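The residues of the chain are indexed from 1 along the displayed sequence. Note that the structure is a prediction, hence the values are computed from the model and not measured.
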Amino acid sequence: MSTTKTRTTADAVTGTVTDPAVGPAAGATTADRIAGARRRIDELDARIVALIKERMSASDEIQQIRITDGGRRVDLAREMDILRTYGDALGREPGTRLAMTLLELCRGTGR
């Protein structure tokens, strides 16, 4: 079994990236490729913001149900589960920080 390695090269004048095995990346310059990746990030960010807003709404609904039933607005045991879930998925420190930010956003104003 033989393994063939290809080497990507970039034209210093045009910035066009070329893979000898397949030729130029559809004529895309480095700047074009970065712009495309940034557009993808912008689209992902828009989806993430929409999901966060949806989560805030669901959290508000739960809080209102709890308050109406005479309970507390915040369920600390549930929040600990969420912190653990994010920490496990994204790394203890960054995951926990992200979860804390989400929980703060979703706690509402304590109406």
| query | Looking only at heavy atoms, what is the nearest atom pair of Q63 and R107, with distance? | reply | OE1-O, 2.6 Å
| Of all heavy-atom pairs between C106 and S59, which one has the smallest distance, and what is that distance? | O-OG, 2.9 Å
| field | Single-linkage hydrophobic cluster I67~M56, side-chain heavy atoms < 4.5 angstrom | value | no
| said: For residues V74 and M80: do they belong to one hydrophobic cluster (side chain heavy atoms under 4.5 Å, members Ile, Leu, Val, Met, Phe, Trp, Tyr)? | reply: no
| said: For R33 versus A28, what's the shortest heavy-atom pair and its separation? | reply: CG-CB, 3.8 Å
| task | Output the distance between atom CZ (R55) and atom CD1 (I52), rounded to the nearest 0.5 Å. | result | 9.0 Å
Distance-only check: which donor-acceptor pairs under 3.5 Å involve side-chain atoms of residues 85-93, not counting sequence neighbours?
{"unit_1": "T85", "atom_1": "OG1", "unit_2": "D81", "atom_2": "O", "d": "2.9"}
{"unit_1": "E93", "atom_1": "OE2", "unit_2": "R97", "atom_2": "NH1", "d": "2.7"}

| task | Kindly work out whether a path of hydrophobic side-chain contacts (I/L/V/M/F/W/Y, heavy atoms less than 4.5 Å apart) joins I62 to L102. | result | no
| field | Polar contact flag, side-chain donor to acceptor under 3.5 angstrom, S57-D60 | value | no
| Within a reach of under 6.0 Å around CZ of R78, are more than 12 heavy atoms found that belong to other residues, nucleotides or ligands? | no
| said: Whether the side chain of D32 engages the backbone of T29 through a donor-acceptor N/O pair (distance < 3.5 Å, no angle test) should be reported. | reply: yes
| task | State plainly whether one hydrophobic cluster holds both I48 and M100, where clusters connect Ile, Leu, Val, Met, Phe, Trp and Tyr through side-chain heavy atoms under 4.5 angstrom apart. | result | yes
| said: List the residues meeting side chain to side chain donor-acceptor pair (under 3.5 Å) with T96, not counting sequence neighbours, and say none if there are none. | reply: none
| Within a strict 4.5 Å, meaning less than it, do heavy atoms of the L103 and L83 side chains meet? | yes
